[in-house]
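Each remark here refers to the structure printed beneath this line.
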Amino acid sequence: MQFYVSRLLLMVTRAALRVSGVLFWILVYVASLLAAVSYLPDALKLIARGPFKAFYWKQRRTAPSCLTSSNHGQHGYIRIKSSGMRFHYVASGAKGSPLMLFLHGFPENWYSWRYQLDEFCQDYWVVAVDLRGFGGSDAPSELLDYKMETLLQDVEDLITGFGYSSCVLVGHDWGGTLAWTFAVRHHNMVSRLIVMNAPHPSAFHDYVLSHPSQLFLSRYVFLFQLPVLPEILLSLADFEYIRRPLVDDSMGIQNKQRRLTSEETEAFIYYLSQKGGMTPPLNYYRNLFGFFPVKAQDVLVPTLLLWGELDVFLEAAMVPEMRQYVHAPFQAEIIQHASHWLQQDCPEEVNRIMRDFLSQEMPMSTHHGHI
């Protein structure tokens, strides 16, 4: 099935990129239906094991203690100027030290950065924010509230709202996509860029059109374009399809010493389990096709790209494709035996590479502005 689905997806995607308007979206939804068909056998197996169990999911009433504790920093809220939205964050270190801002991915929240908050708080004011629609941050319900331009404005407002003019910007997965794009658009606000398991949008566009295997791995992006169905699928069997990618032996964290406990897994399920909690994060994906083609592409700040070799969602073979878009010192490291959830999987190695990169003298200004 993988061979046929991947080829069909490739044909439809290439066709969609040649047209515009209504026909473009018709082809996107054709690809979305193909993706849904590819997930059907696994969903049917889950239902066959027990229909009542499969269609049971519960709203968590109490957040796990690890999500609300102050072990990794102080919890706070900031209301940003452009939208008036309130963002939840966890911060550690001395306010006034250079800002290091962390942007998480799907289906995570601030907690995915706990090891980095602990490591870098001596030298930076480290802030792990819940992106809009995630965690304890405001979650507007409209699809248009999650357009790329709006998400980038959030990042800008967060930096200035914290009292800074620039930062070390660190992103993983969706947060990495935002970090890449923000660095392209606002290079003067990023002193160093660190991205984990997230491709530069233009590099991904080029790579996926010549690698059907990656298109198949990314078919969930098409699935998420559909209304309602993704929310139901991700909720099946009490959020099995949220839990499994995090803890499964092949998809999840590979380092046995760092595998998520039940409580830590619940930290990533808690907010999604709330009424309407799944739709805002999925709206990131539902706005994604409106972002292409990417116009501005060049990254002009020193960049570190870290990649877990065993990422089952994004092929490590695309890493060399990023270099052409970075017109500044660039370092790429593929970490062996590590999963997509890199900063949680191998925190010691990730932190060491980050620290080495941050300590290097760069042949360009790397000021950390504080207003």
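Numbering of residues begins at 1 and proceeds along the displayed sequence.
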Close side-chain approach of [X] to [Y], heavy-atom, < 4.5 Å:
X	Y	answer
L305	W180	yes
H211	L209	no
P140	Y146	yes
I194	L358	yes
D173	N197	no
L304	I353	yes

Determine the minimum heavy-atom distance between [X] and [Y], stating which atoms define it.
X	Y	result
A31	F222	CB-CD2, 3.3 Å
W125	S97	N-CB, 3.7 Å
G176	A198	CA-CB, 3.7 Å
W341	M251	NE1-O, 3.4 Å
S70	H75	OG-CD2, 4.1 Å

*Ignoring hydrogens and angles, tell me if any N or O in the side chain of Q331 forms a donor-acceptor pair with the backbone of P329 under 3.5 Å.*
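No; zero donor-acceptor contacts below 3.5 Å.
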*With R219 as the cation and Y39 as the aromatic partner, state whether NZ or CZ is under 6.0 Å from the six-membered ring centre and within 45° of the axis.*
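Flagged: R219 positioned over aromatic ring of Y39.
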*Would you kindly check if the NZ (Lys) or CZ (Arg) of R258 is within the cone defined by 45 degrees around the ring axis of Y115 and under 6.0 Å from the six-membered ring centre?*
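Judged by the rule, R258 and Y115 form a cation-pi pair.
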_Counting the benzene-type ring for Trp, do H172 and H104 have ring centres under 6.0 Å apart?_
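They do not qualify: ring centres at least 6.0 Å apart.
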*Given the rule in the side-chain contact (heavy atoms from CB on, under 4.5 Å) test, do T150 and R132 qualify, once you have shown the distances and angles that lead to the verdict?*
CA-CA 10 Å; T150 302; R132 73 160 57 201; 3.3 Å; yes
*Trace of the side-chain contact (heavy atoms from CB on, under 4.5 Å) decision for L306 with V350*: CA-CA 8 Å; L306 298 176; V350 165; 3.9 Å; yes
*asked:* Ring-plane angle category for F313 and H340, please: parallel below 30°, perpendicular beyond 60°, tilted otherwise.
replied: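 Plane angle over 60°, so perpendicular.
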Do [X] and [Y] meet the criterion of a side-chain donor-acceptor pair at a distance under 3.5 Å?
X	Y	answer
E309	Q336	no
Q344	S112	no
Y111	D130	no
S82	Q153	yes

Note: [X]-[Y] ion pair, threshold 4.0 Å (strictly below):
X	Y	answer
R185	E149	yes
D118	R114	no
D248	R243	no
R259	E264	no
D42	R244	yes
K256	D249	no

*Option passing side chain to side chain contact (heavy atoms under 4.5 Å, CB included) with Y270 (candidates T62, T68, L67, N109)*: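 It is L67, the one option of T62, T68, L67, N109 that forms the side chain to side chain contact (heavy atoms under 4.5 Å, CB included) with Y270.
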*With Y89, which of W110, F162, Y77, W113 fulfils ring-ring contact (aromatic ring centres under 6.0 Å, His included)?*
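Result: among W110, F162, Y77, W113, F162 is the only option passing the ring-ring contact (aromatic ring centres under 6.0 Å, His included) with Y89.
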*asked:* Tell me which one of F289, F106, F134 satisfies ring-ring contact (aromatic ring centres under 6.0 Å, His included) with Y284.
replied: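 Among the candidates, only F134 passes.
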